[in-house]
Colleague: 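A single structure is presented below for examination.
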Amino acid sequence: MSKVKKFLYVNRKAPYGTIYAQEALEVVLIGAAFDQDVSLAFLDDGVFQLTKGQDTKEAGLKNFSPTFRALGDYEVTKLYVEQESLDERGLTLDDLQDIQYEDEDDDYAEKPSIIVVSRAGMADVMADQDVVLSF
Amino acid sequence: MSKVKKFLYVNRKAPYGTIYAQEALEVVLIGAAFDQDVSLAFLDDGVFQLTKGQDTKEAGLKNFSPTFRALGDYEVTKLYVEQESLDERGLTLDDLQDIQYEDEDDDYAEKPSIIVVSRAGMADVMADQDVVLSF
Amino acid sequence: MSTLHTVNKSPFQNQTLISCLGHTKAGDSVLLIEDGVYGAMSGNAMSEVVAGMGANVKLFVLGPDVAARGIDAARVAEGFSQVDYEGFVDMAASCDRVQNWL
Amino acid sequence: MSTLHTVNKSPFQNQTLISCLGHTKAGDSVLLIEDGVYGAMSGNAMSEVVAGMGANVKLFVLGPDVAARGIDAARVAEGFSQVDYEGFVDMAASCDRVQNWL
Amino acid sequence: MKFGIVVNEGPYTHQASDSAYNFVKAALATGHEVSRVFFYHDGVNVGTRLSIPPQDDRQIQEQWSALAKEHELDLVICIAAAQRRGLLDRNEADRQGKDANNIAEGFRISGLGQLIEMGIQADRTITFGD
Amino acid sequence: MKFGIVVNEGPYTHQASDSAYNFVKAALATGHEVSRVFFYHDGVNVGTRLSIPPQDDRQIQEQWSALAKEHELDLVICIAAAQRRGLLDRNEADRQGKDANNIAEGFRISGLGQLIEMGIQADRTITFGD
């Protein structure tokens with residue numbers, strides 16, 4: 001078997017106005033089956049994807065935001081969120097969904113999947129990948 | 001016959017990266033047959049549509065920029081270009097194609113189709129329309 | 001004689017809202033729809049710019065698109081009125097023209 | 001270990017180039033393609049920002065896309081090297097990863 | 001009042017066709033008339049009958065076809081934009097020697113003149129796009 | 001070196017598919033390998049055989065089909081994205097009860113797993129999109 005590669009899915013666009021956020025999630029879910037080292041990056045308007053309380057009924061759209069909370073079941077547990085992108089938009093971690101995973105190496109303790117990083121930290125995450133897919 | 005309406009075609013996007021500029025021109029050419037009062041607005045990145053010397057051969061695209069010079073033959077003679085949009089991009093009128101029409105009310109004298117207006121002047125043009133189609 | 005302007009892009013990513021607000025006339029209305037609704041949020045880097053440039057116009061935001069994006073009513077900036085699609089239709093009918101900033 | 005970044009949007013309309021330049025590491029390369037090539041023009045409101053933020057990276061612009069848009073070679077800002085598609089391929093092959101800023 | 005509607009982006013990819021659909025429904029519900037919906041640019045892709053969206057998502061083409069049937073809406077797909085993107089009715093397919101067509105019920109293919117005509121006849125023209 | 005290519009936007013509408021085509025040609029011309037081209041989002045629309053672009057414009061689908069034939073390229077259209085947008089091959093059309101299909105020669109429809117597999121196998125993955 002070939003070596004495990006580091007895959008980063010980069011999310012920079014707001015949800016619903018365009019389909020990129022939703023179809024990016026579909027890639028992440030399929031990709032989870034391949035046993036690679038998966039991370040997601042949320043920066044710029046991509047941080048809006050993770051907000052709580054999305055209600056698409058009146059707009060007539062499909063609400064895909066609950067899928068983020070299911071990522072832990074697919075062992076997708078590293079969601080890097082950029083602090084500066086939150087700040088510029090007046091958002092804090094409290095505005096985002098509480099996304100957790102069960103750590104099987106730690107007696108299935110529930111741990112947060114969201115990792116807030118600075119812009120410089122995000123650049124470090126990006127520079128540490130083998131494959132970067134942008135949406 | 002119903003009264004002549006004022007149609008404004010608003011061009012705010014650069015050419016080639018997306019098709020909007022090209023397909024906007026196709027609307028303008030067809031629309032010219034309807035004997036309405038037609039104006040075109042070029043602002044923001046739309047001013048890039050009018051630059052001289054576009055050569056799309058190596059990029060493998062269709063060069064539609066010569067069509068702007070044919071607009072006069074279709075009696076489309078009012079191309080409003082925003083000064084501030086030019087300034088922000090470091091462009092002057094010299095960087096744009098020389099687009100002219102023959103004024104049939106003035107012994108077919110060749111006159112410039114491009115009318116440079118300030119941002120406030122562009123707002124006046126926009127507020128004076130019946131139908132605004134944006135591309 | 002007034003214009004209803006619509007803007008459908010996030011002002012954090014795209015210059016369209018700024019351009020729209022730079023071309024409105026006093027008494028015009030500006031309605032934010034789709035990803036444009038992020039321009040109606042308070043307490044961020046854009047909100048002062050929007051409040052300043054939008055001082056002479058009436059500012060609206062489309063409720064269904066606000067709800068879709070999980071923006072709490074309390075986060076919609078002062079000065080913006082929420083409308084639903086029927087309100088959007090009313091505004092389009094009562095202005096003299098609609099200019100959609102794409 | 002270096003990254004080739006590509007940007008394909010006009011910096012006058014869209015924040016993508018700024019975001020890219022805010023996430024590069026020293027020694028990375030940034031290649032402007034498609035409507036991104038407008039970011040390589042000199043003598044305008046963006047060019048100082050690009051020169052400043054891009055000081056630690058190598059800046060490139062795709063020649064065929066420059067020509068398509070009628071940008072004269074003399075208008076390409078100092079600090080940018082022009083490459084053709086074969087140059088683009090070479091850059092992609094010689095870096096460690098490619099990040100396309102969409 | 002008579003509205004003319006322009007849809008410039010494809011289904012699912014962009015919210016434009018959803019917004020236009022919601023607007024048209026609200027206009028009809030409040031007693032207005034919608035004289036035509038003109039699909040341009042990628043908007044022409046709304047009119048394919050070959051799409052199979054996920055079951056738990058809205059069915060954009062079916063929504064439009066049903067609304068057209070209920071209210072006798074005139075849904076016009078621009079022929080020039082459609083040809084570039086591979087949208088065809090039976091006549092066009094025959095004329096162009098293509099072995100299949102894909103336009104959905106309730107849509108018709110016609111020229112750009114229908115957009116201008118709509119602008120002339122409607123009291124307000126509203127565009128949904130990108 | 002082995003390149004994997006992702007195309008995320010439709011033909012003519014966005015330059016992405018042209019840029020990808022130029023890149024692939026240049027990569028092949030300089031002795032590299034292109035292990036796969038994966039069409040996602042609106043990129044799936046590149047693979048329709050029903051488009052009729054103006055005679056004086058490039059023929060994007062034909063360019064890709066010809067390049068695929070010449071170099072045995074693997075042109076993969078994502079099935080999930082294709083279903084939303086109305087791109088079908090004969091098998092899918094039969095399976096889904098659709099009366100027509102529209103995929104062009106040289107393209108095949110397959111799952112998103114092919115994108116991940118490409119990322120694993122290629123030395124570099126390059127995306128062209130919007």
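Computed from a prediction, not measured in an experiment: that's the story for all the values here. The sequence lines fix the lettering, A, B, ..., with proteins before strands; numbering per chain opens at 1.
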Colleague: Grab the two heavy atoms, one from D/Ala92 and one from F/Phe23, that are nearest each other, plus how far apart they are.
Modeller: CB-CZ, 4.0 Å
Colleague: Return yes when atom CD of F/Gln96 has more than 12 non-hydrogen atoms of other residues, nucleotides or ligands closer than 6.0 Å, and no otherwise.
Modeller: yes
Colleague: If I compare all heavy atoms of F/Gly129 with all of D/Leu102, which pair ends up nearest, and what's the gap?
Modeller: N-CD2, 3.7 Å
Colleague: What are the sub-3.5 Å donor-acceptor pairs between chain F and chain D, distances to 0.1 Å?
Modeller:
residue, atom, partner, partner atom, Å
F/Gln15, OE1, D/Arg69, NH2, 2.7
F/Gln15, NE2, D/Asp65, OD1, 2.8
F/Ser19, OG, D/Glu34, OE2, 2.5
F/Asn22, ND2, D/Tyr85, OH, 3.4
F/Arg124, NE, D/Ala92, O, 2.9
F/Arg124, NE, D/Cys95, O, 3.0
F/Arg124, NH2, D/Ala93, O, 3.1
F/Arg124, NH2, D/Cys95, O, 2.4
F/Thr127, N, D/Asn100, OD1, 2.8
F/Thr127, O, D/Asn100, ND2, 3.4
F/Gly129, O, D/Asn8, ND2, 2.7

Colleague: Identify the heavy atoms of D/Val89 and F/Ala27 that sit nearest to each other, and give their distance.
Modeller: CG2-N, 3.6 Å
Colleague: More than 12 non-hydrogen atoms from neighbouring residues, nucleotides or ligands closer than 6.0 Å to CZ on F/Arg108, yes or no?
Modeller: yes
Colleague: Tell me, please, which residues at least two apart from F/Arg95 pass side chain to side chain donor-acceptor pair (under 3.5 Å).
Modeller: F/Glu92
